[in-house]
Each structure stands twice: as structure tokens, then as C-alpha cells.
Amino acid sequence: GIKIMKKFFPFVFLLFIFCLLSNNAYSYLYQVDDGSAESSLGVITTMDWTWANLFDVQGDYNLITGINIAFGYQINDQDLIGANIVVKLWNDPDNDQNPDDAVLLTSFASTITATGFNNFQYFDIPDTIVSGSFLAGVTLTPPTSHILPAQCDTNNGQGRSWYSTSSDISNSPQNIKDIGLNYNFMIRAEASKATPVPEPSTLLLILPGLFLIRRKLK
């Protein structure tokens, strides 16, 4: 029995360290829509257009792992499949619920592969830690004018959906409610709990204990 423990001790040790450093498996979905899209919103020009939802971090769910977005259509019924986009994540540093000073944390270039009401496309962005208030959104350079790329929930707008006629939400952002629309963008953020990495001093306290167990077994 002692020889078996000695043989497998390195593997047990590595598994122990992995468990310490791994993220919590629990997840949380940030959303302001009610689950159903009834309309689409967009622009009539070919300039960059950015739209995003603002969320407040709930509890310890501060590690954003993915973003879900429902895309619409062009007015002439031509699909937006294949259009180039950049999915983005920002922090609102002063937590004032206004993204005019939003700081870009990460971005992920991709293409639209799914459109239609309630048809969400998932984007596996780089895992990013947020704090306070943050925004999840997307920038599209329209392939043509008169498009409606942003799916919207038209019930009970929460005033957390923002847009900008530029590639950055902090550039003259506008809230949907300010233009008289009680809408929410169909954008959601998936999150998990970020487990802190143990301090070197903590590991130094753990290691002697493990080696003492090994010595006792020998």
C-alpha cells in the first residue's frame, strides 16, 4: 500500500494544485430581456454601429466567459449571415450607469452565423474578470445601408441598452429610452465565479504538509 501511494503521490499532488487553481463550476446568466424578441433596431447608413447592454456584477459572478447575441436582418430581407463583427466587453469604471467613460477589456472578431427572432449566437470570448458595472456588446460595419441588426425585446425596457454610431460605445453613447423606445437589446453575458489564485506564501504552507504525509507513509 505504501509503495502504491509513493508511486501515485505526484499525480495526487498535481490534482490537488489543479483544484486550487481551477475556476468554480457554477454559472450565472446576465440578461435584461424577457426571453422573446419582438422587433429589430438598426441604422440607415454604412457607418460603424455598436450596441450593448449594461449589467451590474451579481455576487461573485465576475468572470465573463461568453456572450450571446440575437441578430436581425436587413430591411430588404437580405440576410446578415457572414457579416464581420467584433464582440466586446467593457467596464464602467465609475459605475454611473453611463458608458461615456467605458474601458474596453477584451474584444473578439467573428462573423454572424445565425439570425432571426430569439435565435442567439454564442461567442466564447477570452475569460475576463469584471467589477462593478460592465457592458457586453458588439460592433458591426454594415455591409449595406438600411439594416436592422439588433434584435430587441420591446417589453419593460430597463434603460440598460446603449448604442453608438461608432466602433466604441463610449463615443457619444445613446440610451434606447432617450429616443423614446422602451426596448432591451437581446444581448446576454455568461459568467462564473473567479477563484483567486493562492498566494505563494499559501502554497509554501501547503507543500510541507503534503511532504510530511509522504514521509510518514514511507
Side-chain angles (χ1 to χ4, degrees), residues 27-55 64-90 99 102 104-128 130 134-158 160-177 179 181-192:
S27 61
Y28 183 87
L29 183 64
Y30 288 95
Q31 71 179 86
V32 293
D33 65 90
D34 65 2
S36 178
E38 293 84 21
S39 184
S40 298
L41 192 65
V43 292
I44 61 173
T45 69
T46 55
M47 67 176 60
D48 286 349
W49 199 58
T50 301
W51 67 104
N53 281 341
L54 187 146
F55 305 100
I64 307 303
T65 59
I67 294 176
N68 297 284
I69 304 173
F71 294 99
Y73 303 93
Q74 294 177 195
I75 290 179
N76 60 5
D77 292 330
Q78 293 183 14
D79 215 331
L80 286 171
I81 297 293
N84 295 321
I85 56 173
V86 181
V87 180
K88 299 177 177 178
L89 190 69
W90 301 264
L104 183 65
L105 297 177
T106 191
S107 60
F108 180 80
S110 188
T111 58
I112 297 177
T113 61
T115 58
F117 289 111
N118 309 324
N119 190 10
F120 283 89
Q121 182 176 343
Y122 172 74
F123 299 94
D124 185 11
I125 67 168
D127 292 357
T128 306
V130 294
F134 69 95
L135 296 104
V138 58
T139 294
L140 167 69
T141 300
T144 183
S145 59
H146 295 83
I147 64 170
L148 299 170
Q151 294 285 35
C152 300
D153 157 33
T154 63
N155 299 311
N156 191 30
Q158 298 185 29
R160 289 178 170 269
S161 293
W162 295 80
Y163 70 92
S164 172
T165 52
S166 75
S167 60
D168 195 339
I169 198 68
S170 66
N171 187 358
S172 301
Q174 296 290 318
N175 193 289
I176 287 185
K177 279 204 166 186
I179 59 174
L181 296 177
N182 195 33
Y183 290 3
N184 298 303
F185 288 137
M186 303 288 283
I187 299 178
R188 303 170 180 176
E190 296 186 3
S192 63

Check: Sequence neighbours excluded, which residues qualify as side-chain contact (heavy atoms from CB on, under 4.5 Å) partners of A136?
Finding: F55, I67, L89, I187, A189

Next item on the list: Kindly write out the residues that satisfy side-chain contact (heavy atoms from CB on, under 4.5 Å) with N175, not counting sequence neighbours, or none if the list is empty.
Entry: W162, K177, D178

Next item on the list: Output, in order, the C-alpha distance, side-chain angles, deciding distance and verdict of side chain to side chain donor-acceptor pair (under 3.5 Å) for D168 and S166.
Entry: CA-CA 6 Å; D168 195 339; S166 75; over 6 Å; no

Note to self: Suppose we screen for side-chain contact (heavy atoms from CB on, under 4.5 Å). Which residues come up paired with Q158, at least two apart in sequence or across chains?
What the structure shows: V32, R160, N184

Notebook entry, point to check: Out of curiosity, Y28 OH to I64 CD1, how far, rounded to the nearest 0.5 Å?
Noted result: 10.5 Å

Next item on the list: Mind checking the CG-CG spacing from N182 to N156? Nearest 0.5 Å is all I need.
Entry: 6.5 Å

Next item on the list: Drop me the distance from I69's CD1 to R188's CZ, to the nearest 0.5 angstrom.
Entry: 12.0 Å

Notebook entry, point to check: Does the S161 side chain pair with the main chain of F185, one donor and one acceptor, at a distance under 3.5 Å?
Noted result: yes

Item checked: Side-chain (D124) to main-chain (G66) donor-acceptor, under 3.5 angstrom -> no

Item checked: Residue pair Y30, V130: steps toward the side chain to side chain contact (heavy atoms under 4.5 Å, CB included) verdict -> CA-CA 13 Å; Y30 288 95; V130 294; 6.0 Å; no

Margin query: As an exercise, state the distance from CD1 of I147 to OG of S40, rounded to the nearest 0.5 Å.
Written below: 10.5 Å

Next item on the list: Taking all heavy atoms of A191 and all of T65, pick out the closest pair and write down the distance.
Entry: N-OG1, 4.3 Å

Notebook entry, point to check: How many angstroms lie between CG in N68 and CG in N119, if you round to the nearest 0.5 Å?
Noted result: 11.0 Å

Item checked: Validation row: S172, T165 side chains within 4.5 angstrom (heavy atoms) -> no

Per-pair distances, 0.1 Å, donor-acceptor, side chain in residues 108-118, under 3.5 Å, sequence neighbours excluded:
residue : atom : partner : partner atom : Å
T113    : OG1  : Q121    : OE1          : 3.4
T113    : OG1  : Q121    : NE2          : 3.1
T115    : OG1  : D79     : OD1          : 2.9
T115    : OG1  : D79     : OD2          : 3.4
N118    : OD1  : A37     : N            : 2.6

Margin query: Measuring from atom CG of L104 to atom OG of S170, what distance do you get when rounded to the nearest 0.5 angstrom?
Written below: 9.0 Å

Note to self: Tell me every residue that passes side-chain contact (heavy atoms from CB on, under 4.5 Å) with N155, counting only those two or more places apart in sequence or in another chain.
What the structure shows: D34, E38, D153

Notebook entry, point to check: Of all heavy-atom pairs between S39 and Y183, which one has the smallest distance, and what is that distance?
Noted result: OG-OH, 4.1 Å

Next item on the list: Please name all residues satisfying side chain to side chain donor-acceptor pair (under 3.5 Å) with T139, sequence neighbours left out, ordered by chain then number.
Entry: T50, K88

Notebook entry, point to check: Aromatic rings F71 and W51: how do their planes relate, parallel, tilted or perpendicular, breaks at 30° and 60°?
Noted result: perpendicular

